[in-house]
Structure formats: structure tokens, C-alpha cells
Amino acid sequence: MERAQQGPRARYREQTRAEIKDLALRQLAEGGGTALALTRIAKEMGLSGPALYRYFAGRDDLLNALIRDAYDDAAAAMARAAARSAKGSRGVRARLHDLAEAYRAWAIAEPHRYLLIQGAPVPGYVAPADTLERARAVLGPFLPLFASGSPGAAVAVTVDEMTAWLAADGTVGAWVARYAPEAAGPPDTPAGQARPGPTDTPAGQARAASALAGAVLAWTQLHGSVSLEVAGQFAGMAHRGGTLLGAHMEMLADAFGLDRAPA
């Protein structure tokens, strides 16, 4: 509806910006972040250099748009995977595997975009502050899985550090509460009564710290395994990337006691 209500000039501008971004993504696929050249994009489009700057103020402005798009698309893929996985009677451990595979699938399908947001920084470029919330949206679906965990000794120090982080940064607690409301207080909070924040009660603090530790550890495992696979580092080796990532997730699930049978 919004697009239909745009005037011809606004639609043309939107289409031109999309074409510029498509050409930029092609450059990224061919040579990485350092290959991005606005003059070459302008030439391919039959535009002068100054004309291109009517759509993007410069290289960094174009990179900002590409990075925001990549994070938003990755977050949407993770949200869809979380919604699918939550249906039925799949256990928390199985849902962790579902999310990990969705993350890997997006990265493999969009390797140049994945490396743009998770690879080596582009020299001289500083990402805009709003990418932090977009990055958190990608990891958000992992939070409720670990909120129900029982962290073991292997991750106890990490959980303690996450407890300190929650106490020091209110935005982190808000992030946890947004994706894992069950970590914010008792599930039987009476209707109409404000639910406590994630660190307002000892139990809530423990759930929030577990959620945060699990999500951060999941991210490090995902990043390590998937980045190696996307960069072609597994070439000539016998294993599949999905097998290796699955093993990482199993170890992480064990460390947090996910789906652990009662003693």
C-alpha cells in the first residue's frame, strides 16, 4: 500500500537505490568489502559520479544500507525459523538445532552478505550505532531456549559474567525481556500486574543470565563454524559443515542441561 501511494519520482528513486545496492552486492561477491567502488557502479548504470551521490552520500552511506539490509534479512530468517520450530512438540534441544541450521543456511545462501556483517571489517569504515540492535535481533530467538536451561560448571563463569553485564547495562536486560519474557518473572504473574524486569528477582536474574550466556555462546560457536565453512576452509576435509555445527550445538545443549531428563 505504501509503495502504491508513492509518486513516480519517489518510486524511481527507490528503484535506482535498489539497483545501486544490487550492483554493490555483486562487487562484494566478487572481491569483498574492499572491492566496493562507487565510480564503477555509476559507470555500469550510465550515471555520472555526482548523479550517484544523489542516492547515496558516499561509500560509507552505501555500506550502511547494505549492512542494515543484511542484518534485517538474517533476523527475518531467524524469526521465521523460530516460529516454525516452536510449532508442535519439538523440544528445546531440537529447536536449538533448528535455529543453528537456519543461521547456517542463510549464510551459505548469502555468503558475501554474511561476510559483510560477520567477516573482516572494511578498512576505514565504522558501522552505524543502530546495527547493534539489528545484530541482537539475529540472536534474539536463541534467548528463550537458554532461559529454561540449567547451566553446568563448564559455563558457570560465563553465566556470572553475563549476570554482571545485565546489572551494568539496562539495554541488555531489555533485549532479554523482549525475546524471552519468561526470563522476566514468574509465568503465573497475575493479569494486569506489571511483570518484574529480568533482574528484579533472584530467579529472574538466573534465567536472564542463563539466556544471555547461552545466546552469546551459541553466537561464538555459530560464527566460528559457519565463517570457516563460508570462507571455504573446510574444502578437502571429510566432514560436512552441518555435521560439525550440529556437534557444537549438542555440546552447548549439554552444558546448559537443555531437555535434560530428571535425575
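Cluster membership check: V157 does not share its hydrophobic cluster with L217, using side-chain heavy-atom separations under 4.5 Å among Ile, Leu, Val, Met, Phe, Trp and Tyr. Follow the hydrophobic side-chain contacts under 4.5 Å out from L23 and you reach Y53 in the same cluster. Put simply, L244 and L252 are part of two different groups of oily side chains (I, L, V, M, F, W, Y) that touch within less than 4.5 Å, one to the next.
A94 and D259 make their closest contact through N-OD2, 4.3 Å (heavy atoms, listed as atom of the first residue, atom of the second, distance). The nearest pair of heavy atoms linking I117 to A70 is CG2-CB, 3.8 Å. Scanning both residues, V176 and A211, for their nearest heavy atoms gives CG1-CB, 4.3 Å. For L166 against A209, the heavy-atom pair with the smallest separation is CD1-N, 3.6 Å. Closest heavy-atom contact between P141 and P144: O-CD, 3.3 Å. The minimum heavy-atom distance between A24 and L36, with the atom names listed, is CB-CD1, 3.5 Å.
The main-chain N or O of L222 is never found under 3.5 Å from a side-chain atom of S225 such that the two would form a donor-acceptor pair. S227 contributes no side-chain N or O that, together with a main-chain N or O of G224, makes up a donor-acceptor pair within less than 3.5 Å. Distance alone, capped at 3.5 Å, is enough to place a donor-acceptor pair between the T163 side chain and the V159 backbone. Proximity of a side-chain donor or acceptor of R93 to a complementary backbone N or O of L258 within less than 3.5 Å is detected. E19 places no side-chain N or O within donor-acceptor distance of the main-chain N or O of M45, the cut-off being under 3.5 Å.
Residue pairs satisfying the ring pair (Phe, Tyr, Trp, His ring centres under 6.0 Å) criterion with at least one member in residues 135-170, sequence neighbours excluded, are listed as follows: F146-F256. Contacts classified as side chain to side chain donor-acceptor pair (under 3.5 Å) and involving residues 80-91 (residues at least two apart or in different chains) are given here: S85-D98, R90-D98. Sorted by first and then second residue, the ring pair (Phe, Tyr, Trp, His ring centres under 6.0 Å) pairs with a member in residues 211-251 read F234-H239; sequence neighbours excluded. The list of side chain to side chain donor-acceptor pair (under 3.5 Å) pairs with a residue in residues 61-78, not counting sequence neighbours, reads K21-D69, N64-Y125, R68-D130, D72-R134, D73-R113.
Interatomic distance, CZ of R17 versus CZ of F56, reported as 3.5 Å (0.5 Å rounding). The CG atom of L62 sits 5.5 Å away from atom CD1 of I41, with the distance rounded to the nearest 0.5 Å. Here the CG atom belonging to D22 is positioned 10.0 Å from the CD1 atom belonging to I20, to the nearest 0.5 angstrom. For the atom pair R11 CZ and Q15 CD, the distance stands at 7.5 Å (nearest 0.5 Å). Within the model, atoms OG1 of T171 and CG of L132 stand 7.0 Å from one another, a figure rounded to the nearest 0.5 Å. Distance check, rounded to the nearest 0.5 Å: CD of E101 to CG of L96 gives 11.5 Å.
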Residues L116, L63; criterion side chain to side chain contact (heavy atoms under 4.5 Å, CB included); working and verdict | CA-CA 9 Å; L116 178 64; L63 278 171; 3.9 Å; yes
Determine, step by step, whether E250 and H97 satisfy the side chain to side chain contact (heavy atoms under 4.5 Å, CB included) criterion, reporting the C-alpha distance in whole Å, the side-chain angles of both residues, the deciding distance to 0.1 Å, and the verdict.
-> CA-CA 8 Å; E250 276 296 299; H97 282 285; 2.7 Å; yes
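Counting heavy atoms from C-beta outward, R40 and K43 have side chains that stay 4.5 Å or more apart. In this structure, the side chains of V122 and R59 come closer than 4.5 Å at one or more pairs of heavy atoms.
Legend: residues meeting side-chain hydrogen bond (donor to acceptor under 3.5 Å, both in side chains) with T158, ordered by chain and number and at least two apart, are absent. Here E133 pairs with R136, R178 under the side-chain hydrogen bond (donor to acceptor under 3.5 Å, both in side chains) rule; sequence neighbours left out.
Under a 4.0 Å N-O distance rule, the pair E44/R26 qualifies as a salt bridge.
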